[in-house]
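Only one structure is covered here, and it is reproduced in the block below.
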Amino acid sequence: MSGPRPARLSMQQRPPGRAVGGAMGWGAALRVLADMDGVLADFEAGVLRAFLARFPGEPRAGLAGRRGWLPKEQHQAKIPLCHAKIVSVYESPGFFLGLDPIPGAIEAMKEMIQMKDTEVFICTSPLRKYEPCIPEKYKWVEKHLGPEFVDRLILTRDKTIVSADLLFDDKDTIQGVEPNPSWEHILFTCCHNKHLELKPPHRRLQSWADDWRAILESKRRK
Ligand SMILES: Cc1cn([C@H]2C[C@H](O)[C@@H](COP(=O)(O)O)O2)c(=O)[nH]c1=O
Ligand SMILES: [Mg+2]
């Protein structure tokens with residue numbers, strides 16, 4: 001985690017009506033990234049639901065017993081034969097588009113984007129097998145959040161190179177080519193990370209019912 005980013009002066013690039021100024025100075029809007037799977041879209045529940053529908057009677061690990069980010073690793077460790085089947089589930093057409101929103105996520109994002117001096121983006125990593133994952137991610141955002149957020153969708157397999165103040169993400173370790181990302185990673189609680197004990201100054205958001213507004217405000221004050 002590093003300190004706040006220097007103020008940006010690219011006012012021309014800002015959408016009309018979102019110019020910022022005042023106490024924080026011109027261009028010093030707070031920039032927030034929200035991860036998609038596990039933060040906005042319920043990837044874990046979607047995997048389990050689709051797996052049960054497609055392979056009824058197949059042994060699987062339930063959400064309560066999940067440890068570690070990769071369900072394929074989880075299942076691989078306990079039930080070796082499941083791996084390829086789990087991958088086939090989340091690589092199937094309709095999987096990403098059919099994911100349910102995480103409770104409160106849509107409301108939080110729509111409120112956040114209206115906040116003064118705040119820039120909100122969705123930052124998601126597509127599967128290496130990028131079809132149909134990528135078009136379905138765009139469609140999901142349009143369906144649940146609307147066209148305003150389609151313009152704010154960042155797809156990258158390396159989030160460390162994206163410049164922002166905050167990143168809400170369920171993955172416990174986010175690594176890439178940039179060793180010191182500009183954002184503070186707020187771990188969004190999910191079945192696979194809830195057992196992890198975070199050492200200060202690392203912070204969590206337990207759910208969208210938790211005080212995400214306070215996290216944004218704490219970052220503005222810095
Ligand atoms: C195995 C596995 C894969 N994913 C996938 C789903 C997405 O394509 C990315 C993560 O996307 P995010 O929006 O950056 O969260 O990886 C996953 O999320 N979880 C898994 O266990
Ligand atoms: Mg995620």
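We count ligands from 1, going down the list as the structure has it; atoms in each ligand are counted the same way.
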Quiz item: Does Leu127 reach ligand 1 with a nitrogen or oxygen that is under 3.5 Å from one of the ligand's nitrogen or oxygen atoms?
Solution: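 Yes, there is a polar N/O contact under 3.5 Å.
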
Quiz item: Considering distance alone, does some N or O of Asp169 sit under 3.5 Å from an N or O of ligand 1?
Solution: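 Among all N and O atoms of Asp169, none is under 3.5 Å from an N or O of ligand 1.
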
Hey, which atoms in ligand 1 end up nearer than 4.0 Å to a heavy atom of [X]?
X	value
Pro126	8 (O)
Tyr90	1 (C)
Met36	13 (O)

Quiz prompt | Flag side-chain contact, heavy atom, 4.5 Å: Trp212 against Met112 | solution =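 The answer is yes, as the side chains (C-beta and beyond) meet within the 4.5 Å cut-off.
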
Quiz item: Are any non-hydrogen side-chain atoms of Asp165 and Val32 less than 4.5 angstrom apart?
Solution: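 They are not in contact (no side-chain heavy atoms under 4.5 Å apart), so the answer is no.
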
Exercise. Could you confirm whether Asp169 has any N/O/S atom lying under 2.8 Å from the Mg ion (ligand 2)?
Key: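 No N, O or S atom of Asp169 is closer than 2.8 Å to the Mg ion (ligand 2), so no.
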
Quiz item: Heavy atom under 4.0 Å from ligand 1: found in Lys159's side chain, backbone, both, or neither?
Solution: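 Side chain only.
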
Quiz item: If you look at every heavy atom in Thr160 and Glu178, which pair is closest and at what distance?
Solution: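 That closest heavy-atom pairing would be OG1-N, 3.1 Å.
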
Quiz item: Are Phe43 and Tyr90 close enough that their ring centres sit under 6.0 Å apart?
Solution: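 Here the rings of Tyr90 and Phe43 have centres that are less than 6.0 Å from each other.
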
Quiz item: Does the ring centre of Trp208 sit less than 6.0 Å away from the ring centre of Phe168?
Solution: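 Between Phe168 and Trp208, the centre distance is under 6.0 Å.
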
Quiz item: Out of the N/O/S atoms in Asp170, what is the name of the one closest to the Mg ion (ligand 2)?
Solution: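 In Asp170, the heteroatom (N, O or S) nearest the Mg ion (ligand 2) is OD1.
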
